[in-house]
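Note that the numbering runs from 1 along the sequence shown for the chain.
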Amino acid sequence: ALNMPFLLQWLAIIVMMNVTFYGFAAFCAMLTGSLAVLPLVYVLLEVVVAVVEQMVHSLLQLFVFGMSSGSDALTFLSPPIKLIAMQPGTYIVGDTGIAFAYITNEQWLLLSCYCAAGIVFAVLGLLLYRARRMETASDVVAVGVLRPVFKYCLAGGCALVLGLWLFNIIYSSSVPGVTEFCVLLLLMMVGAFIGYFAADMLMKKTFRVFSDNWKGYIILCCVITALMLCCRYDVFGYEKRVPDASSVESVTIQASGGSATLADPEDIAAAVELQQGIISRKDYYESDISNVSGAGDNGYGYIYATFSYELKNGGFISRRYDLLYTDKDFDISGSDMMKLQALINT
């Protein structure tokens with residue numbers, strides 16, 4: 001049956017998405033003077049935020065004790081990924097069981113914001129077009145002030161991607177320690193080296209870029225090292241942050257395929273106490289299994305436990321731990337394993 005309201009909604013969605021993506025494409029076209037580079041720049045900038053966010057989470061999970069799985073807080077800055085993952089609202093007509101899909105108010109707002117951003121990018125592209133010199137027609141980066149940005153972004157991206165990729169190949173199942181941390185840092189510097197000088201070669205159109213161009217690379221390596229050390233030694237206090245039991249509305253604990261959502265104040269206090277105990281024994285849980293007393297005579301393994309707190313002020317805190325255990329841990333009263341088991345079975 002012909003339904004004009006639905007067709008008009010479809011038309012509005014298509015128009016807004018075309019304005020979004022075409023406006024951004026026009027902006028990207030002004031950033032580079034190379035037709036070969038333009039599609040690559042456009043695709044990368046469309047998805048780079050979501051990809052980098054997930055990769056940073058994967059990196060931090062290696063060395064930050066309790067780092068939970070990656071979130072999608074910044075996915076909205078990558079419109080294709082956000083729109084593909086978007087699920088329409090549904091309602092069922094009476095008792096027929098027939099479900100109808102519809103666009104929610106939040107989704108209309110998101111599409112409207114994307115459309116407005118597309119118009120802004122189109123205007124910015126026009127301004128860049130008027131200011132751009134004709135001599136940059138074949139340059140990889142046509143805007144002079146953006147050349148350092150391109151260089152350091154490419155170097156940082158290569159450090160993250162290549163460093164993490166090579167590390168996972170070398171240490172696919174190793175417990176992260178000081179040695180592994182140093183190896184990752186070295187691999188990231190190798191990735192930064194490749195990205196930094198590759199960017200220089202693309203912009204200068206020559207392979208002779210190694211003579212007097214080391215200062216920026218050394219500064220970048222210092223920045224990467226400082227950030228990694230801050231995360232490794234918890235300068236920002238992420239690992240030690242535990243919510244006050246009185247501020248928690250409920251806590252959901254997941255471990256070994258089981259889960260329990262606890263709202264009783266005593267249970268919440270017990271969950272907070274258990275997490276604090278786990279944090280205090282961080283060295284044990286991150287130690288090599290060969291150094292654990294009794295591991296040779298008892299079965300051992302890892303339990304993946306997640307603590308997800310819903311706070312009374314509407315906030316949310318989540319931590320995930322890989323907990324090393326031996327069989328005797330389930331025979332010792334008051335051990336972390338016994339407390340965890342008791343909470344899951346509450």
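Judged by distance alone, with hydrogens and angles left aside, the side-chain atoms of E46 form no donor-acceptor pair with the main-chain N or O of P80 at under 3.5 Å. A donor-acceptor pair under 3.5 Å is formed between the side chain of T346 and the backbone N or O of A342.
Crowding of L35 atom CG: a count of heavy atoms from other residues, nucleotides or ligands under 6.0 Å not exceeding 12. Open room surrounds CZ on F6; 12 or fewer heavy atoms of other groups in view lie less than 6.0 Å from it. Within 6.0 Å of the CZ atom in F210, the count of heavy atoms belonging to other residues, nucleotides or ligands exceeds 12. Counting heavy atoms of neighbouring residues, nucleotides and ligands inside a 6.0 Å radius, atom CH2 of W165 does not exceed 12 of them. Heavy-atom contacts from other residues, nucleotides or ligands closer than 6.0 Å to OH of Y91 number more than 12. The environment of OH in Y22 is sparse: at most 12 heavy-atom neighbours from other residues, nucleotides or ligands sit within 6.0 Å.
Counting heavy atoms from C-beta outward, M189 and I224 have side chains that stay 4.5 Å or more apart. Contact annotation: the side chain of T306 approaches that of S318 to within less than 4.5 Å [non-hydrogen atoms, C-beta and beyond]. Within the 4.5 Å cutoff, the side chain of Y171 has heavy atoms near those of the V183 side chain. A 4.5 Å side-chain heavy-atom check between D139 and M203 finds every atom pair outside the cut-off. When side chains are defined from C-beta on, I332 does not count as touching M338, because their heavy atoms never get closer than 4.5 Å. No side-chain heavy atom of Y114 sits less than 4.5 Å from a side-chain heavy atom of M17. Counting heavy atoms from C-beta on, the side chains of Y102 and Q9 never come closer than 4.5 Å. At a threshold of 4.5 Å between non-hydrogen side-chain atoms, the residues L340 and L274 count as touching.
The heavy-atom pair separating M16 from L111 by the smallest distance is CE-CB, 3.8 Å. Listed here is the closest heavy atom pair of A159 and M188: CB-O, 3.2 Å. In terms of heavy atoms, Y196 sits closest to G216 at OH-CA, 3.3 Å. What you find for I317 and P243 is that their closest heavy atoms are CD1-CB, 4.1 Å. Summarising the geometry of G89 relative to Q107, their closest heavy-atom pair is N-OE1, 4.4 Å, with the distance given to 0.1 Å. Across L110 and K82, no two heavy atoms sit closer than the pair CD2-CG, 3.8 Å.
When hydrophobic clusters are built by joining Ile, Leu, Val, Met, Phe, Trp and Tyr residues whose side-chain heavy atoms come closer than 4.5 Å, directly or via intermediates, M337 is grouped together with Y284. Connection of W214 to L154 is established within a shared hydrophobic cluster, with ILVMFWY side chains joined at heavy-atom distances below 4.5 Å, either directly or through further cluster members. Under the 4.5 Å side-chain heavy-atom criterion for ILVMFWY residues, a single connected hydrophobic cluster contains both W10 and W108. Cluster annotation: I219 is not connected to Y152 through the hydrophobic network of ILVMFWY side chains, with a link wherever side-chain heavy atoms come within less than 4.5 Å. Put simply, L62 and Y233 are part of the same group of oily side chains (I, L, V, M, F, W, Y) that touch within less than 4.5 Å, one to the next.
Residue pairs meeting the salt bridge (charged side-chain N to carboxylate O under 4.0 Å, His left out) criterion with at least one partner in residues 236-246, sequence neighbours excluded, are D234-K240, E239-K282.
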Exercise. Between V140 and F150, is a side-chain contact (heavy atoms from CB on, under 4.5 Å) present by the stated rule, with each step listed?
Worked result: CA-CA 10 Å; V140 173; F150 171 74; 4.2 Å; yes

For this session: Run the numbers on E310 and V251 for side-chain contact (heavy atoms from CB on, under 4.5 Å), then give the verdict.
Result: CA-CA 6 Å; E310 183 179 351; V251 56; over 6 Å; no

For this session: Output, in order, the C-alpha distance, side-chain angles, deciding distance and verdict of side-chain contact (heavy atoms from CB on, under 4.5 Å) for R320 and Q254.
Result: CA-CA 9 Å; R320 180 182 184 274; Q254 296 176 309; over 6 Å; no

For this session: For the pair V209 and K204, evaluate side-chain contact (heavy atoms from CB on, under 4.5 Å) and give the outcome as yes or no after the intermediate values.
Result: CA-CA 8 Å; V209 294; K204 295 179 180 179; 4.2 Å; yes

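Judged purely by distance below 3.5 Å, without hydrogens or angles, the side chains of Y309 and R319 never pair a donor atom with an acceptor atom. Neither side chain, S250 nor T261, offers a donor N or O lying under 3.5 Å from an acceptor on the other.
Two rings, from Y285 and Y321, have their centers 6.0 Å or more apart. Aromatic rings from Y302 and Y325 are positioned such that their centres are separated by 6.0 Å or more.
Going from atom CE of M228 over to atom CG of L60 covers 8.0 Å, rounded to the nearest 0.5 Å. Atoms CG and CG, from L124 and L31 in turn, are 9.5 Å apart once rounded to the nearest 0.5 Å. Interatomic distance, SG of C115 versus CD1 of I13, reported as 12.0 Å (0.5 Å rounding). The line from CE of M30 to CG of L146 is 13.0 Å long, rounded to the nearest 0.5 Å. If you take CG on N168 and CG on L184, they are separated by 9.0 Å, rounding to the nearest 0.5 Å. Between atom OG of residue S246 and atom CG of residue L311 there is a gap of 10.5 Å, rounded to the nearest 0.5 Å.
Using cut-offs of 30° and 60° on the angle between ring planes, the pair F121 and F27 is tilted.
Cluster partners of L40 are L44, counting Ile, Leu, Val, Met, Phe, Trp and Tyr whose side-chain heavy atoms approach within less than 4.5 Å, directly or via other members.
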